[in-house]
Amino acid sequence: MITTAITDLAHGFQVIIYDPTTWTHLSINLLWCFIGVLIGNMVGVLPGMGPLATISILLPLTFGMKPVGAIVMLGAVMYGAQYGGAICSILLNLPCHPPHAVTCLDGFPMTKQGRGGVALGVTVMASFVGASWGITEMIFLSPLLVRVALQFGPAEICSLMLLGLLAGSTLARGSPLKGVAMTVLGLMLGIVGSDIETGAERFTFGLTELDDGIELIALALGLFGIAEFMNSVNQQAEINTMYTNVRLRDMRPTKEDIKRSFFPMLRGTIVGSLCALIPGTGPTIASFVAYATEKKVSRHADKFGTGMIEGVVAPETSTHSSVQGDFIPTMSLGIPGDAVMALLLGALMIQGIVPGPQLISQHPDVFWGLVASFWIGNIMLVLLNVPLIGIWVKLLTIPYRFLYPSAMFFVCIGVYAANNDMFQVGEVLVIGILGYILLRLGFHPAPILLGFVLGPRFEENFRRAMLISRGDITVFLQRPISAVFISLCVILIGGQIYFRLKPGKKGPAGSEVEQPLAAE
Amino acid sequence: MSSTNEPTRSHGLSMRILRKRDFYAGLLMIFFGAVMAVHGPSYSLGTLMHMGPGFLPTALGVILIGLGIAIGMMAIGVPDGEDEDLLPPSPQWFAWACILASPLLFIVFGMYGGLAPATFACVFVASLGDSKATWIGSVLLSLLITVFGVLLFHFVLQIPMPVLKFFSWSVM
């Protein structure tokens, strides 16, 4: 197993690095990876910009690229943003990026003690360790998962998708009921357009522009671009530039720091990789669970919140290992765990690549190229973050009033360029208004994207399963693997109801998890 | 919070629920569900074995109506004085109008003026929404983004949109 993994990985590195047709013999994918991590790192630092909006803006620009380059670049934005996100939390005490919100608790006190540079230094170290583990996991686990998943028929695929959708909507932030409602809404939006089998036009309301369905980019940019800007305009906290003077030599941790970080790093990695495997629990939950675990394990639990290095290292490691691990179900099963992964899956589908267990064998270039690019990208990020930390920190001072108008332009031109169609700019506007209304009513729109991306495949497989079983709905319970997924769904829903009805006890993903979120 | 409870207690349950955010959240979901459930059957339901294109939308519509009712019911459990704010503490009507006008202007200027005026209008109007915006700052930002946008999208990525059209008023 190890030898095949190594040969496959070597092939991946070859795809990313070597290309005999160019004059330098270096592949263009290396450049895309670099651009991706650079942009990702930048938007990660910028308060008020997220990887979701950025990936959606970049998505139309990748249409002309080869599939490997496109997915490598968009993926790089995702993990690059994680490197930048901690800077905002540690130096400014602003939890502008949910996966790093918990880092504020001990990161900012460290800054106030003049150890902000050290906090950033160990964060980079923790990030690399966490990411490396996540990637290793992906190399060995994905082929195993695929071997199982290749036996799946339409019934199994359907119940697995159901599990993914339910987990994605109930384990994320906010009310589970509202999360499920958002998923259903996403499935509905995915139905708009021509039916795959009969060609019947559904919910187009006579608009021929909607025949091909709602554009993924318009949906993503409406929900995570326009609606977000409406939510945060004139709500930005005053940025305190007092602590933003960090130099390279400030970042060097002492021997004592490294000694104290070692075990938190290990525990954070474990928490993160476990969270990555449970669909629906993304990096944000991983970071909160890691912080809570660290506090429980520590002998100085009372000192947490006063600048304990453990409280910075553990959540940061787990976030990174979870971000890389999130790619496992996405790439090997075709089931995305959160909205960002759904978007990346959408990007693959636009490139004509069908997601699912057959992806690794049919497109080894894409899969192993992506894995290899993770290593290269993470090394690039460490190189970018350590010597250039001063520049990244300066980015924090760019005011929001310059950011969002520029982003509005990229939103408009992005949806226009996707199909060279002005109608889609109108589409993004309508979705933006809807998205803001949903936000105000207490919905988190991320599951919409999950439902939207999985919707068409869910319907196709559901119909096929029904056709094979001759209209017998119990087929989902008769086939053993499918029955396991369905019972997991039932446990998930049952557990949610149980924890909700029982006062004093909150969801399995932690009473302590919700407290810092409330503080946010 | 106890003082605000006093006047509301005289109203019945129906009045109380009308103030809750969850009530409207549920209502919106019921509306979306109803649209699907009512339109769905017109695309032919088919049988369970040979499902028609209307089957899943109708089913999802019914599920969403159920979820909407459940969300609306949650409003009963919310105590008085909580979760009643449909608008944020400081509504930004002007900023919202600016953000929403920005894509609209992009469409209008893009169709009749070209990429450069569309970009300028889009960025300029959006930037006016910020309370700290200055005229000079907005103009400079818009010019900068216009130059950058034209360079990137017209010359590098070559999207088929003329830079300037000089208001010929003929649709495309």
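Numbers restart at 1 for each chain; the letters A, B, ... are given by sequence-line order, proteins then strands.
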Can you check whether A:L441 reaches B:D22 side chain to side chain, under 4.5 Å on heavy atoms? no

Treating A:R202 as the side-chain partner and B:Y43 as the backbone partner, does any N or O pair qualify as donor plus acceptor under 3.5 Å? no

Which bit of B:F124 comes within less than 4.5 Å of chain A, counting heavy atoms only: side chain, backbone, both or neither? neither

Given a strict heavy-atom distance threshold of 4.5 Å, which part of A:F423 is in contact with chain B: side chain, backbone, both, or neither? neither

Distance col, row B:M51:CE vs A:R464:CZ, nearest 0.5 angstrom, shows 12.5 Å

So do the side chains of B:L100 and A:M230 get within less than 4.5 Å of each other, counting heavy atoms only? yes

For the student: nearest non-hydrogen atoms of A:R463 and B:G52, plus distance: NH2-O, 3.1 Å

Of the backbone (N, CA, C, O) and the side chain (C-beta and beyond), which part of A:L177 lies under 4.5 Å from a heavy atom of chain B, both, or neither? both

dist A:M408:CE -> B:I145:CD1 (nearest 0.5 Å) comes out at 12.5 Å

Examine distances only and state if a side-chain atom of B:R21 and a backbone atom of A:R440 form a donor-acceptor pair shorter than 3.5 Å. yes

If you look at every heavy atom in A:F203 and B:P57, which pair is closest and at what distance? CE1-CB, 3.6 Å

Which atoms of B:L144 are under 4.5 Å from chain A, going by heavy atoms: the side chain, the backbone, both sets, or neither? neither

Where on B:V125 is there a heavy atom nearer than 4.5 Å to chain A: the side chain, the backbone, both, or neither? neither

Using modelled atom types and a 3.5 Å cut-off, is there a donor and acceptor pairing between side-chain atoms of A:Y400 and backbone atoms of B:D130? no

Mind checking whether B:I63 and A:V180 have side chains closer than 4.5 Å, heavy atoms only? no

Distance in Å, A:L189 CG paired with B:M36 CE, rounded so as to fall on 0.5 Å steps: 7.5 Å

Measure distances from A:F443 to the heavy atoms of chain B and classify the residue's part below 4.5 Å as side chain, backbone, both or neither. side chain

Side-chain heavy-atom pair B:F153, A:F409 within 4.5 angstrom cut-off: yes

Engaged part of A:L434 at the chain B interface, taking heavy atoms whose separation is under 4.5 Å: side chain

Can you tell me how far the CG atom of A:L61 sits from the CD1 atom of B:I159, to the nearest 0.5 Å? 9.5 Å

Given A:L221, A:I226, A:V430, A:V415, the one that forms side-chain contact (heavy atoms from CB on, under 4.5 Å) with B:P103: A:I226

Side chain, backbone, both or neither: which part of A:I437 has a heavy atom under 4.5 Å from chain B? side chain

Given side chains that start at C-beta, do those of B:M29 and A:L438 come closer than 4.5 Å, heavy atoms only? yes

Do you know which of A:I191, A:N234, A:L403 has the most heavy-atom pairs under 4.5 Å to chain B? A:N234

A:K178 to B:A25 - nearest heavy-atom pair and separation: CE-CB, 4.2 Å

Taking atom CG of A:L429 and atom OG of B:S102, what is their separation to the nearest 0.5 Å? 9.0 Å

Ignoring hydrogens and angles, tell me if any N or O in the side chain of A:Y404 forms a donor-acceptor pair with the backbone of B:A126 under 3.5 Å. yes

Taking atom CG of B:L152 and atom CZ of A:F410, what is their separation to the nearest 0.5 Å? 6.5 Å

Donor-acceptor contact below 3.5 Å, side chain A:R401 vs main chain B:T134: no

Between B:L141 and A:P405, is there a side-chain heavy-atom distance shorter than 4.5 Å? yes

Looking at chain B, which one of A:M188, A:E201, A:E459, A:M182 has the largest number of heavy-atom pairs inside 4.5 Å, strictly under? A:M188

Is B:F106 in contact with chain A via its backbone, its side chain, both, or neither, using a 4.5 Å heavy-atom distance? both

